[in-house]
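Input: a single structure, listed below in structure tokens.
As the structure is a computational prediction, the values presented were derived from the model and not from experiment.
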Amino acid sequence: MIIRIKVIFLIVLGVSLIFSHSHKQIKIFDIDEVLLKILNNNRVHIDHSYLDSDNNLIFDASENDELILKSLEIDYKVLIEDLSAHYKSRLTSNYTREFGVGSMGGYYTFEEIVQNLDDLHTQYPDLVSEKFSIGQTVEGNEIWLIRVGKIINYATNPLFPSIQEPKVLYTGLHHAREPMSYMNLFYFINWLCENYQIDDDATKILNSRDLYFVPAVNPDGLIYNEQTDPLGGGFHRKNMRPVCNPGYSYYTQTFDYYNPGVDLNRNYSYQWGLDDEGSSSDECGWTYRGLNSFSEPETDAVRGLVESTDFKMAFNYHSYGNLLLHPFGYSYENQVPIDDLNFFKEIGSKMVKYNNYTLGAGPDILYPVNGEACDWMYGEHQIFAYTPEVGSYEDGFWPATERIVPLAEENLHPNKILAMYSGSVLEPVLSSTDGPFKQGLTYPLYLKIKNLGLSEFNYFNFLDFGGSVGNVLLSSSEVTIDSELIGMEFDVDARDEIDLGFVGSFTVPSNVEDGQIIEISALIDFNGEFNEYFFHNNSSMSIRAGNITDGISDDFEEESGWYVEGDALEGIWIRDIPTQIQVNGVNYMPSDDHTENGEFCFITGSEDFNGDRYNDVDGGQTILYSPLYDFSSHSKALVSYWKYYTNNLGDNPDSDFWRVQVTNDNWSTVYTIEQTQNSNIDWQLYELTIDQSSIGFSDQMQFRFIAEDLYGGSFVEAGIDDFSISLFNESVNLGDINQDQVVNVSDIILIVNYIVGSLVPDNNQFLLSDLNSDNELNIIDVILLVNFILS
Ligand SMILES: [Zn+2]
């Protein structure tokens with residue numbers, strides 16, 4: 001009883017002391033590695049910081065930090081005088097949306113966290129467990145865990161012989177002033193339960209994954225913040241270990257400083273206390289790591305849970321920074337083995353696909369930390385653990401009330417990905433021969449099944465195949481599969497693949513044009529009823545029809561004989577690395593070339609011209625010429641290039657043309673293959689086929705790309721990249737119905753027999769007989785065939 005009173009007394013004391021210490025938002029100018037080192041060595045706590053585009057470091061600083069900056073004579077500016085007041089001004093308690101927010105400026109108090117855990121179990125008893133404690137804090141509060149997932153014992157279900165529910169861990173609130181770290185988790189659990197048997201992903205996750213949630217690792221710190229700042233905005237970070245006695249500060253040599261606690265996210269054992277850069281040995285420091293690893297009951301409770309549970313993946317949520325961090329955090333030299341590092345990156349990039357958080361290891365993005373939770377989970381227990389840092393630098397530790405739901409929503413997708421990839425996720429990968437793929441002929445289909453997830457897959461499969469040519473679906477007779485495969489049993493280990501080899505064949509329809517793309521897809525189909533348990537992707541292979549005999553491709557990464565002419569004064573074509581330029585905030589060229597892993601493309605002058613950023617095409621035409629190509633032994637060419645073209649900004653918008661032309665005789669004869677006034681600001685593919693009969697093919701074929709500004713005033717910019725030509729020789733023997741390589745009277749006899757019904761054509765024979773491609777066999781096809789033979 002007496003002890004209890006003492007504790008309360010301390011808290012009250014803490015209130016008055018904390019109030020005397022404001023936090024400011026500070027900007028340090030022109031940060032570089034040397035300055036960063038100086039800040040670190042002098043223990044300025046730049047734990048959450050942001051580098052603006054002018055290379056200034058913006059961070060939340062305590063009075064201590066500011067004093068140190070002053071003593072070091074570092075150039076800085078105070079952006080926000082009182083951050084806590086700034087946060088509070090944005091928080092409201094009467095914000096409502098479907099997702100029930102809490103009473104602390106929209107955030108749950110610890111009591112409300114506990115209440116919500118109970119409510120979730122009451123509302124969804126089949127999906128959410130009762131809460132149970134994994135341990136007690138320094139001050140004796142419980143650290144609660146709930147498990148979420150459909151309670152099905154797969155082991156006893158003969159249909160699922162070896163599937164165990166993969167286990168995933170989500171934690172929040174290692175740091176007391178980061179309430180988005182648990183709000184986001186409650187939002188996710190609610191979303192899963194509300195969408196069970198409504199949304200495919202929610203259903204599959206709940207049916208086949210075992211999700212563990214520890215929403216508040218550090219309830220003591222949260223309760224402390226509730227007392228100092230009941231409406232939100234509290235700044236305490238660490239747990240409530242009674243260290244850092246009021247009255248003493250190592251840094252400032254002043255006697256009124258109070259910042260108790262151990263930084264729980266510096267207290268894990270992996271590389272604990274490696275150096276003073278990644279954690280602090282000072283009790284009053286914000287990143288105080290404790291006397292030894294796992295000295296704190298909070299981290300010890302997490303250790304107990306992790307060591308007794310086979311987790312595959314984990315999220316340890318923090319805020320803020322719009323980051324997704326993966327191990328290792330302790331050193332600049334990342335020691336994660338390359339296969340695992342690739343997995344962190346591959347799955348990480350799926351996670352940030354929509355929220356665009358920056359993915360990387362901590363030291364790559366800003367600075368190292370040691371004794372951190374993810375390093376320990378991965379380093380000691382091979383759990384693929386990430387630290388999402390929710391919210392932007394604008395959001396800060398206490399995002400405005402109306403930001404709670406959007407921030408939770410932008411983490412729904414990563415939360416789903418984490419659950420999915422902890423189990424098995426299958427992807428069928430089709431392949432065939434290297435080609436060419438000639439019309440009318442049949443080619444083999446090979447199939448591999450990749451397991452992209454972290455758990456073994458064991459089940460019998462069902463496969464569906466489909467395909468299309470352009471928008472035309474292939475009929476089943478054109479994509480055939482080996483029926484033995486259906487129902488075949490296979491196992492795929494985690495992050496492994498099996499090669500099923502030859503699984504069937506497909507026939508290139510006889511009436512498709514040279515250069516047409518044919519898509520063939522494979523879909524793993526668990527025969528309907530089991531689909532709600534398995535994550536799998538549809539995957540497709542695309543091939544180009546026709547007898548491709550040669551090709552030209554140029555990604556402009558190197559000099560290749562293109563040259564420029566024309567009378568334009570500015571914005572002359574140049575092979576260069578593009579830089580994005582905006583006019584009144586509107587982009588008018590892309591920021592990057594088109595080639596994957598490339599840099600260069602041809603653009604109409606991005607460099608400064610007499611200091612003029614807007615160096616667009618002016619005063620005439622600029623013409624880019626290709627080298628000469630020899631098409632003389634070919635019958636058809638598929639020309640393709642990626643381009644952008646802008647002429648819709650400025651005084652005379654949409655008045656200038658973009659033209660692409662080709663010649664076979666040094667420009668005595670000019671064929672225009674593209675001409676437009678339409679702008680496309682992003683890279684766009686342009687493809688067309690030219691043939692011998694319309695443009696005579698010679699060994700002097702040449703292309704040119706013309707951008708012009710003839711009407712003045714408009715901004716004209718253009719670019720091309722990844723220019724390629726596929727050359728074909730005639731291979732379609734339309735009319736050669738019996739495929740004896742000659743079109744003659746025996747083919748006429750066959751087609752007549754099909755028309756009168758005395759013979760039934762198979763799919764290929766039908767296509768070869770349908771000379772006018774109207775999907776009907778009739779007298780017109782016979783007439784065309786007769787004319788063809790007579791000609
Ligand atoms: Zn944190």
Side-chain angles (χ1 to χ4, degrees), residues 51-55 349 356 358 552-627 639-650 652-661 674-687 703-709 713-725:
L51 212 52
D52 74 9
S53 53
D54 296 325
N55 212 39
S349 34
N356 290 313
T358 305
I552 292 149
S553 77
D554 199 330
D555 58 14
F556 304 126
E557 295 304 311
E558 277 162 30
E559 193 58 57
S560 54
W562 292 62
Y563 61 93
V564 177
E565 288 181 357
D567 57 0
L569 302 170
E570 290 183 21
I572 313 295
W573 281 111
I574 181 175
R575 196 178 66 85
D576 204 355
I577 302 169
T579 45
Q580 189 161 67
I581 295 177
Q582 296 188 326
V583 176
N584 300 329
V586 179
N587 294 339
Y588 76 130
M589 54 189 278
S591 58
D592 206 356
D593 78 326
H594 178 266
T595 315
E596 203 173 330
N597 302 320
E599 286 186 312
F600 285 88
C601 56
F602 268 101
I603 50 178
T604 50
S606 67
E607 76 216 289
D608 277 6
F609 186 85
N610 295 335
D612 178 9
R613 281 284 282 165
Y614 307 128
N615 184 18
D616 69 314
V617 181
D618 280 322
Q621 292 188 327
T622 181
I623 309 172
L624 174 65
Y625 286 89
S626 77
V639 181
S640 88
Y641 46 87
W642 289 82
K643 63 145 192 168
Y644 67 83
Y645 176 62
T646 327
N647 99 113
N648 59 344
L649 299 166
N652 266 315
D654 305 326
S655 53
D656 291 304
F657 280 99
W658 156 265
R659 285 191 192 88
V660 182
Q661 298 174 331
E674 193 197 355
Q675 171 166 301
T676 184
Q677 290 175 308
N678 297 335
S679 296
N680 59 286
I681 287 134
D682 282 323
W683 290 109
Q684 212 170 64
L685 177 66
Y686 191 84
E687 275 190 332
F703 293 81
R704 67 183 181 194
F705 295 81
I706 306 169
E708 63 187 22
D709 188 6
S714 55
F715 292 113
V716 176
E717 288 284 12
I720 74 155
D721 204 357
D722 295 331
F723 177 77
S724 80
I725 301 169

Problem set entry | Results of ring pair (Phe, Tyr, Trp, His ring centres under 6.0 Å) for Phe657 - residues two or more places apart only | none
For this session: Would you check if Gln675 and Trp658 make a side-chain contact, meaning some heavy-atom pair closer than 4.5 Å?
Result: no
Exercise. Are the side chains of Tyr563 and Ser626 in touch, meaning some heavy atoms are under 4.5 Å apart?
Worked result: no
Exercise. Any donor and acceptor pair, going by atom type alone, linking the side chain of Asp567 with main-chain N or O of Gln621 inside 3.5 Å?
Worked result: yes
For this session: Check whether any side-chain heavy atom of Tyr644 lies under 4.5 Å from a side-chain heavy atom of Gln684, and answer yes or no.
Result: no
Exercise. Parallel under 30°, tilted from 30 to 60°, perpendicular over 60°: which one fits the rings of Trp573 and Phe705?
Worked result: perpendicular
For this session: Applying ring pair (Phe, Tyr, Trp, His ring centres under 6.0 Å), name anything that partners Phe556, two or more places apart in sequence or on another chain.
Result: Trp562, Phe602
Exercise. What distance separates Cys601 SG from Ile574 CD1, expressed to the nearest 0.5 Å?
Worked result: 10.5 Å
Exercise. Quick one: CG on Asn678 to OG1 on Thr646, what's the gap to the nearest 0.5 Å?
Worked result: 12.0 Å
Exercise. Can you list the residues that meet the side chain to side chain contact (heavy atoms under 4.5 Å, CB included) rule with Ala568, with sequence neighbours excluded?
Worked result: Ile572, Val617, Thr622
Problem set entry | Test log, rule side chain to side chain contact (heavy atoms under 4.5 Å, CB included), inputs Ile577 and Phe600 | CA-CA 5 Å; Ile577 302 169; Phe600 285 88; 3.9 Å; yes
Problem set entry | Contact summary for Gly598 and Asp592, nearest pair of heavy atoms | O-OD1, 4.5 Å
Problem set entry | Main-chain N/O of Asp682 paired to Asn680 side chain as donor or acceptor, under 3.5 Å | yes
For this session: Search all heavy atoms of Ala707 against all heavy atoms of Ala718 and return the closest pair with its distance.
Result: CB-CB, 4.1 Å
Exercise. Counting N and O atoms only, with roles assigned by atom type, does the side chain of Asn647 sit under 3.5 Å from a partner on the main chain of Gln677, one being a donor and the other an acceptor?
Worked result: yes
For this session: Would you mind reporting whether Leu624 and Arg704 have side-chain heavy atoms less than 4.5 Å apart?
Result: no
For this session: Report the C-alpha separation of Ile603 and Glu717 in whole Å, then their side-chain angles, then the decisive distance to 0.1 Å, and conclude whether the side chain to side chain contact (heavy atoms under 4.5 Å, CB included) test is met.
Result: CA-CA 7 Å; Ile603 50 178; Glu717 288 284 12; 5.8 Å; no
Problem set entry | Glu599: salt bridge (Lys or Arg N to Asp or Glu O under 4.0 Å) partners, not counting sequence neighbours | none
Problem set entry | Asp656 vs Tyr645 side-chain heavy atoms within contact, under 4.5 Å | yes
Problem set entry | Qualifying residue, where the test is side chain to side chain contact (heavy atoms under 4.5 Å, CB included) with Lys643 and the options are Leu685, Val660, Asp721, Ile720 | Ile720
Problem set entry | Nearest-0.5 Å distance, NE2 of residue His594 to CG of residue Asp555 | 11.5 Å
For this session: State which residues pass ring pair (Phe, Tyr, Trp, His ring centres under 6.0 Å) with Phe703; sequence neighbours excluded, sorted by chain then number.
Result: Phe723
For this session: Look at Glu559 together with Arg575 and state whether they make a salt bridge at an N to O cut-off of under 4.0 Å.
Result: yes
Problem set entry | Donor + acceptor pair across side chains of Ser640, Ser724 (<3.5 Å) | yes
Problem set entry | Heavy-atom pair of closest approach, residues Ile706 and Gln661 | CD1-OE1, 3.4 Å
Problem set entry | side chain to side chain contact (heavy atoms under 4.5 Å, CB included) evaluation trace for Val639 with Glu687 | CA-CA 6 Å; Val639 181; Glu687 275 190 332; over 6 Å; no
For this session: Could I get the full list of salt bridge (Lys or Arg N to Asp or Glu O under 4.0 Å) partners for Glu558, not counting sequence neighbours?
Result: none
Exercise. So, do Tyr641 and Asp722 sit near enough that their side-chain heavy atoms are less than 4.5 Å apart?
Worked result: no
